[in-house]
J.: 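Attaching a single structure in structure tokens format; questions to follow.
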Amino acid sequence: MRTVNSPFDTIEKLRHSLIQHGPSSDRIYLMKLNAEDYPGIITELVALAEEKQYGKIFAKVPSQAMEGFLHAGFAKEAEVPGFYTGTDDAIFLGRYLKEERRQVEACLRRQMEDIVALARRKAAEEQADATSTAERAAAEALPFTLRRLGVDDAAQLTRLYGTVFESYPFPIFEREYIVHTMEEDSIAYYGALTDDGRLVAASSAEMDKAGRNAEMTDFATHPDARGHGIALHLLRLMEADMQSRGMIVLYTIARAVSTGMNVTFGKGGYEYTGTLINNTNISGRIENMNVWYKRL
């Protein structure tokens, strides 16, 4: 079981913009672009990546900034329509500083395509069954209690994440991080618990209150509790909470090889918009990540 998230990637300001970078995911991630920094920040991102010898720069930017990044050698990999207060799209772009970083083996690419196709089929089936009889029956039979988690649950939450994930891009293995994000109300956590109070599954919604969007993330189910479709039930609970908080757009960045998570978001009514190639260190290695979104 993991108890630390090492090596840490650093989250800091570059000019007025927020970036994450480090050896764990071997990349720079431009998390929030400040308009005052554009377009000059692009050359600074490239210079920092070359200095640190990172393999990739990953940028999430408003649509009006896309052209400057494209001219600098970035490529669009995905998007989230209406990401910024429902009025402007977020564009996900990547620039590769090492040629091997952009490569995906043909068999893996086919597997990823098959998973997206399956998720879309499941979504169509779900939409055709408008009454959702099966889902309601499953919810009634679910042998767990679903609820929002609080500070008293933080220790159990970090233990669960340590059991499920070998590595993760953010320090979810540390109680202090979990408690801090709960107390500042930047991330809401949810869980499934047994009758005796044992946490067996969890998820979180990372909120951008100014942008009125939330990332649906950190889904984890203990091996002993799998097979009940808990993730989809947690997702429904999260959506209701986010809607009550005024969020307009929900999205996720899911492991491209995770059939269960991609199917969960497909069945949940989310739309696939692209794949971030060799993007994130999760579960012990750098993986491709799929972007799905939904407008409430």
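Everything numeric in this text was worked out from a predicted model, so none of it was measured.
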J.: Answer yes if the side chains of S17 and D37 hold a donor-acceptor pair under 3.5 Å, and no otherwise.
T.: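 The answer is yes; a qualifying pair exists.
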J.: Kindly compute the distance separating CD (Q20) from CG (L30), expressed to the nearest 0.5 Å.
T.: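 CG of L30 is found 11.5 Å from CD of Q20.
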J.: May I ask you to say whether R147 pairs ionically with D152, meaning some side-chain N is under 4.0 Å from a carboxylate O?
T.: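 Result for this pair is no, no salt bridge flagged.
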J.: D218 and S204: side chain to side chain donor-acceptor pair (under 3.5 Å), yes or no, with the steps?
T.: CA-CA 6 Å; D218 301 343; S204 76; 2.7 Å; yes
J.: Using 0.5 Å steps for rounding, measure from the CZ atom of R236 to the CG atom of D241.
T.: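 Going from the CZ atom of R236 to the CG atom of D241 covers 15.0 Å.
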J.: So does K209 have more than 12 non-hydrogen atoms from other groups sitting under 6.0 Å from NZ?
T.: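 Count over threshold, so yes.
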J.: Check M31 against I19 and note the closest heavy-atom contact, atom names and distance.
T.: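 Closest heavy-atom pair between M31 and I19: SD-C, 4.2 Å.
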J.: Tell me, yes or no, whether the heavy-atom count around K294 atom NZ, taken from other residues, nucleotides or ligands under 6.0 Å, exceeds 12.
T.: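 Yes, because the 6.0 Å sphere around NZ of K294 holds more than 12 heavy atoms from other groups.
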J.: For a side-chain contact (heavy atoms from CB on, under 4.5 Å) check, start with the C-alpha distance between E174 and I178, then their side-chain angles and the critical distance, and finish with the verdict.
T.: CA-CA 7 Å; E174 297 196 348; I178 299 291; over 6 Å; no
J.: How about Y29 and T280: does a side-chain donor come under 3.5 Å of a side-chain acceptor?
T.: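 Judged by distance alone, the side chains do not pair up.
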J.: Quick check: is M182 connected to I11 through a chain of hydrophobic side chains (ILVMFWY, heavy atoms under 4.5 Å apart)?
T.: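 Linked within one cluster.
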J.: Decide, yes or no, whether a salt bridge links E287 with R285 under the criterion of side-chain N to carboxylate O below 4.0 Å.
T.: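 Salt bridge between E287 and R285, a charged N being under 4.0 Å from a carboxylate O: yes.
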J.: Using salt bridge (charged side-chain N to carboxylate O under 4.0 Å, His left out), reason through D26 and K98 one step at a time and then give a plain yes or no.
T.: CA-CA 11 Å; D26 184 31; K98 300 174 184 176; 3.7 Å; yes
J.: Hey, does T273 have a side-chain heavy atom less than 4.5 Å from the side chain of V291?
T.: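 Yes. Closest side-chain heavy atoms under 4.5 Å.
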J.: Group every Ile, Leu, Val, Met, Phe, Trp and Tyr by side-chain heavy-atom contacts under 4.5 Å, then state whether I42 and L48 land in the same group.
T.: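 Yes, because I42 and L48 connect within a single hydrophobic cluster, where side-chain heavy atoms sit under 4.5 Å apart.
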J.: I282 and P169: which non-hydrogen atoms are nearest, and at how many Å?
T.: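 It is CB-CD, 4.5 Å.
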J.: Is there a side-chain contact between R175 and V151 in this structure, where contact means two heavy atoms from C-beta onward sitting under 4.5 Å apart?
T.: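 In short, these two side chains touch, coming nearer than 4.5 Å.
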J.: If every non-hydrogen atom of K60 is compared with every non-hydrogen atom of Y251, which pair is closest and at what distance?
T.: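 Closest approach of K60 to Y251, heavy atoms only: NZ-OH, 3.7 Å.
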J.: Donor-acceptor check, side chain of E125 to backbone of K267, threshold 3.5 angstrom: yes or no?
T.: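 The answer is no, because no donor-acceptor pair under 3.5 Å joins these two groups.
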J.: Check the pair I172 / Y177 against side-chain contact (heavy atoms from CB on, under 4.5 Å), numbers first and verdict last.
T.: CA-CA 7 Å; I172 61 172; Y177 170 79; 4.1 Å; yes
J.: Under 4.0 Å between a side-chain nitrogen and a carboxylate oxygen: does that hold for R15 and E44?
T.: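 Between E44 and R15 there is a salt bridge, with a charged N closer than 4.0 Å to a carboxylate O.
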J.: In the structure I gave you, are the side-chain heavy atoms of V164 and L160 within less than 4.5 Å of one another anywhere?
T.: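 Side-chain contact under 4.5 Å: yes.
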J.: With no hydrogens and no angle check, just 3.5 Å: does a side-chain donor-acceptor pair link Y293 and N213?
T.: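 Y293 vs N213: no donor-acceptor pair found between side chains.
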J.: Taking the side chain as C-beta and beyond, is there a heavy-atom pair between H222 and T163 under 4.5 Å?
T.: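 They are in contact (side-chain heavy atoms under 4.5 Å apart), so the answer is yes.
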J.: In terms of the angle between their ring planes, are F74 and F69 parallel, tilted or perpendicular, with boundaries placed at 30° and 60°?
T.: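 Perpendicular.
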J.: Whether R121 and E126 form a salt bridge (side-chain N of Lys/Arg under 4.0 Å from carboxylate O of Asp/Glu) is what I want to check.
T.: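 Salt bridge between E126 and R121, a charged N being under 4.0 Å from a carboxylate O: no.
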J.: Could you walk me through whether L45 and L14 pass the side-chain contact (heavy atoms from CB on, under 4.5 Å) check?
T.: CA-CA 9 Å; L45 289 168; L14 181 61; 3.7 Å; yes
J.: Establish, from distance only, whether the side-chain atoms of Y54 and H21 form a donor-acceptor pair under 3.5 Å.
T.: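 Yes.
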J.: Of the non-hydrogen atoms in G266 and W292, which two are nearest, and what is the gap between them?
T.: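 What the structure gives for the nearest pair is CA-CZ3, 4.0 Å.
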J.: If you take the centroid of each ring, where Trp contributes its six-membered ring, are H228 and F144 closer together than 6.0 Å?
T.: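 Centroid separation for F144 and H228: below 6.0 Å.
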J.: For the CD atom on E105, are there more than 12 heavy atoms of other groups (residues, nucleotides or ligands in this structure) within a distance under 6.0 Å?
T.: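 No, because the 6.0 Å sphere around CD of E105 holds 12 heavy atoms or fewer from other groups.
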J.: From L149 CG over to L199 CG, what is the distance, rounded to the nearest 0.5 angstrom?
T.: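 Answer rounded to 0.5 Å: 6.0 Å.
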J.: When you group the ILVMFWY residues by side-chain heavy-atom contacts below 4.5 Å and let the links chain together, are F83 and I187 in the same group?
T.: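 As far as the 4.5 Å side-chain criterion goes, F83 and I187 are connected within one cluster.
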J.: So, the side chain of R295 versus the backbone of G86: is there a donor-acceptor pair under 3.5 Å, distance only?
T.: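 Here the side-chain-to-backbone pair exists.
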J.: Nearest heavy-atom pair of M242 and L250: which atoms, and what distance?
T.: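 Heavy-atom minimum between the residues: CB-CD2, 3.9 Å.
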J.: If we ignore hydrogens and angles and just use 3.5 Å, is the side chain of S25 paired with the main-chain N or O of N281 as donor and acceptor?
T.: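 Indeed, once roles are kept as given, a pair shorter than 3.5 Å links the two residues.
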J.: Step through it carefully: locate the ring centre of F265, locate the ring centre of Y270, and say whether they are under 6.0 Å apart.
T.: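 Yes.
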J.: Nearest 0.5 angstrom please: N288 CG to E77 CD, how far?
T.: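 Answer for the CG-CD pair, N288 versus E77, is 9.0 Å.
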J.: Should side-chain heavy atoms under 4.5 Å link Ile, Leu, Val, Met, Phe, Trp and Tyr, which residues sit in the same cluster as L108?
T.: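 Y96, V104, M112, V257, I277, listed by chain and number.
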J.: Is there a side-chain contact between M261 and R255 in this structure, where contact means two heavy atoms from C-beta onward sitting under 4.5 Å apart?
T.: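 They are not in contact (no side-chain heavy atoms under 4.5 Å apart), so the answer is no.
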J.: With distance as the sole test, does D153 use its side chain to make a donor-acceptor pair with the main-chain N or O of G150 at under 3.5 Å?
T.: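 Pair found, side chain donor or acceptor close to backbone of G150.
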J.: Hey, does Q103 have a side-chain heavy atom less than 4.5 Å from the side chain of E99?
T.: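 Yes. Closest side-chain heavy atoms under 4.5 Å.
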J.: Under a 4.5 Å cut-off applied to non-hydrogen side-chain atoms, are I253 and T217 in contact?
T.: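 Not in contact.
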J.: Just one of T264, L146, T221 clears the side-chain contact (heavy atoms from CB on, under 4.5 Å) bar with L234, so which one?
T.: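 Only match with L234 under side-chain contact (heavy atoms from CB on, under 4.5 Å): L146.
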J.: So, S167 side chain and G284 main chain: donor-acceptor pair closer than 3.5 Å or not?
T.: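 Yes.
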J.: Could you tell me whether a side-chain N or O of T259 sits under 3.5 Å from a main-chain N or O of I115, the two making a donor and an acceptor?
T.: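 A pair under 3.5 Å: no.
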J.: Less than 4.5 Å apart, any side-chain heavy atom of R27 and any of I57?
T.: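 Not in contact.
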J.: Using a strict cut-off of less than 4.0 Å between a Lys/Arg side-chain nitrogen and an Asp/Glu carboxylate oxygen, indicate whether R245 and D185 qualify as a salt bridge.
T.: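 Looking at D185 together with R245, the answer is yes, because their closest N to O distance falls below 4.0 Å.
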J.: Are side-chain N/O atoms of H180 and E184 paired as donor and acceptor at under 3.5 Å?
T.: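 The answer is yes; a qualifying pair exists.
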J.: How about D208 and Y84: does a side-chain donor come under 3.5 Å of a side-chain acceptor?
T.: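 No, no side-chain donor-acceptor pair sits under 3.5 Å.
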J.: Checking the side chain of R95 only, and the main-chain atoms of A75 only, is there a donor and an acceptor separated by less than 3.5 Å?
T.: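 Not a single qualifying donor-acceptor pair exists.
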J.: Is the distance between the ring centroids of F173 and Y161 less than 6.0 Å?
T.: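 Centroid separation for F173 and Y161: 6.0 Å or greater.
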J.: How far apart are the closest heavy atoms of G268 and E239, and which atoms are they?
T.: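 G268 and E239 have their closest heavy atoms at O-OE2, 4.1 Å.
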J.: Begin from the C-alpha positions of S203 and M238 and carry the test side-chain contact (heavy atoms from CB on, under 4.5 Å) through to its verdict.
T.: CA-CA 8 Å; S203 60; M238 297 162 70; 3.0 Å; yes
J.: Given the rule that I, L, V, M, F, W and Y join up when any side-chain heavy atoms are under 4.5 Å apart, are L276 and M66 in one cluster?
T.: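 As far as the 4.5 Å side-chain criterion goes, M66 and L276 are not connected within one cluster.
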J.: Check for me, please, whether I230 and M216 land in the same ILVMFWY cluster - side-chain distances under 4.5 Å, paths through other members count.
T.: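 Both belong to a single hydrophobic cluster.
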J.: Is it the case that the side chain of N262 and the backbone of S258 share a donor-acceptor pair, with hydrogens and angles ignored and the cut-off at 3.5 Å?
T.: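 Checking the backbone N and O of S258 against the side chain of N262, a donor-acceptor pair under 3.5 Å is found.
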J.: Is it the case that T275 and N290 place a side-chain donor and acceptor less than 3.5 Å from each other?
T.: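 There is such a pair between these side chains.
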J.: Does the side chain of K56 come under 3.5 Å of the side chain of N278 through a donor N or O and an acceptor N or O?
T.: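 K56 vs N278: no donor-acceptor pair found between side chains.
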J.: Got a second to check how far R212's CZ is from I248's CD1, nearest 0.5 Å?
T.: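 Output value for this atom pair is 3.5 Å.
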